[in-house]
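Presented below is the structure to which this report refers.
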Amino acid sequence: MENPLPQRPYRRADHGAHVLVVEDVAVTREFLRRLLVDNGYRVSDAATGAEAIATLDEGLPDLVLLDLLLPDFHGLEVCRHLRSLEGGEDVPVLVITMDERPESHAEAVQAGVDDFLRKPLLPTELRTRVRSLIRLRHLRTELRRDTEAILTLQARKDELLQFVVHDLKNMLGTLLASVDLLGEGASPTEKRQRCRIEGTAKSMLGMVQNMLDLSIHEQAGLVPQPERISFATWIEQIRPELECITLRRNQFLELNVHPDLEVEADPQLFERVLFNLLENASKFGPKESTVRFQAEPLGSLVRFQVTDEGEGIPADMKDRIFDRFIRVDAHSSAHAGRGLGLAFCHLVTNLHGGRIWVEDHVPKGSRFLIELPLRFWELED
Ligand code: ADP
């Protein structure tokens, strides 16, 4: 029966690949050359180390077959030279040797050799090994190209993110300044409306800043700028903004801060940690409930707690919610959010040498706890 498929001559992927043979014994060199040419490879050869290096400097082959005992210097020098050239780390090196000692093999591997072939050479074994190593060469090159393409894309994406974030920050800054000009608001309703606008703009700003800081940390590492601050004074300064968070949902904010607590930390980063935790407590707590913040010394530690009266967090999610993009009910649109706030809190706490976790609040709700060691936070005598 006639074969319906078109008949094309089979062409191997390694056909025409360039092999450099480095071998000082003329008979062996000629044997290798003939065998490789007969199998469709392009072959250059070198009888000394110096010749091999000169050939490599002219252009990289797809594979080097290397004898180690050369008249001018040791064959591994050729391998080391190859590895020092741009793109040279992708070219496989197959050593042809009679030396079976493990220490010689270890030294060769250290110099960048990929594989060994024992003398006397068997043509079938040589062909198989050459073909596999040339495939390895192509895979390495492809991998490098793909990695570079991914890194370029990632850099472009980060750049775009930073432009967008920068512009959003400016716009939200203008919006907040305008809200400030409106004044406090005469009636309780006006005051609540003002808080609603201000709070929403601040939440957006917080989200944008979380994104920015997490991306900066990924690229270069976020570096806290610690200052010694009196915790009670600091909390009093930001109290109106904290109250704004809970006022939006008619909730009550209870602040309970030890009067002598002095802290050494980055105030800007910690202000946002506090905002993220209070925002969540308010967002996930019922209307007209109480959100509590407490800061106290605890032995050689300082402990913060943010407590709400919401639904709490399921046991199997308690660790996971500190990872990026994790939300307990990811499909719900009831609470806007992208799962970045707690990842940011986790990062900042870690950078200050502390830890953060969540527990159930009895009878209802969650309690987020942060503990920091005294080497970062100190108590007044
Ligand atoms: P976002 O709130 O922006 O989604 P977060 O990282 O702050 O991101 O929180 C991640 C998830 O953890 C939330 O989506 C929510 O499912 C859960 N969560 C956080 N805080 C609370 C809380 N106080 N009560 C209940 N669930 C919470």
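Starting from 1, each residue takes its place in the sequence as its number. Every number for a ligand or one of its atoms is a count from 1 in the order of the listing. Remember, predicted model here, so these are calculated numbers, not experimental data.
Here K283 has side-chain heavy atoms under 4.0 Å from ligand 1, and that is the only part of it that gets that close. The residue N276 has no part lying near ligand 1, judged by heavy-atom distances below 4.0 Å. Contacts between N280 and ligand 1 below 4.0 angstrom, taking non-hydrogen atoms only, involve backbone and side chain alike. With a heavy-atom cut-off of 4.0 Å, V328 touches ligand 1 through backbone and side chain alike.
Nearest to atom 11 (C) of ligand 1 by heavy atom, out of I326, L278, V291, L340, is I326.
Not a single heavy atom of M207 sits under 4.0 Å from any atom of ligand 1. The shell of residues lying under 4.0 angstrom from ligand 1, judged by heavy atoms, includes I313. Residue contacts with ligand 1 include F368, since one of its heavy atoms falls under 4.0 Å from the ligand. For the ligand labelled ligand 1, residue G310 lies outside the 4.0 Å heavy-atom shell.
Annotation for ligand 1: atoms under 4.0 Å from non-hydrogen atoms of R327 are 4 (O), 11 (C), 14 (O), 16 (O). The ligand atoms of ligand 1 that sit less than 4.0 angstrom from a heavy atom of S366 are 24 (N). Heavy-atom proximity to G341, at under 4.0 Å, picks out these atoms of ligand 1: 5 (P), 6 (O), 7 (O), 8 (O). The atoms of ligand 1 that sit less than 4.0 Å from any heavy atom of I321 are 12 (O).
Taking the six-membered ring where the residue is Trp, the centroids of F344 and F322 are separated by 6.0 Å or more. The ring of H18 has its center no closer than 6.0 angstrom to the ring center of Y41.
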_Applying ring pair (Phe, Tyr, Trp, His ring centres under 6.0 Å) to F270 and F231, what does each step give before you reach the verdict?_
CA-CA 11 Å; F270 261 96; F231 206 75; 8.4 Å; no
*asked:* salt bridge (Lys or Arg N to Asp or Glu O under 4.0 Å), that's the test. Do E279 and R272 meet it? Break it down for me.
replied: CA-CA 10 Å; E279 281 243 349; R272 284 179 36 226; over 6 Å; no
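Shown here is N256, whose CG atom has more than 12 heavy atoms of other residues, nucleotides or ligands within 6.0 Å. More than 12 heavy atoms of other shown residues, nucleotides or ligands fall within 6.0 angstrom of atom CZ in R80.
For a threshold of 3.5 Å applied to N or O pairs, the pair formed by G312 and ligand 1 contains no separation below that value.
Between N210 and G341, the closest heavy-atom pair is ND2-CA, 3.6 Å.
Under the 4.5 Å side-chain heavy-atom criterion for Ile, Leu, Val, Met, Phe, Trp and Tyr, L143 and L60 are members of distinct hydrophobic clusters.
Residues V348 and H352 form a side-chain contact, since some pair of their non-hydrogen atoms from C-beta on lies under 4.5 Å apart.
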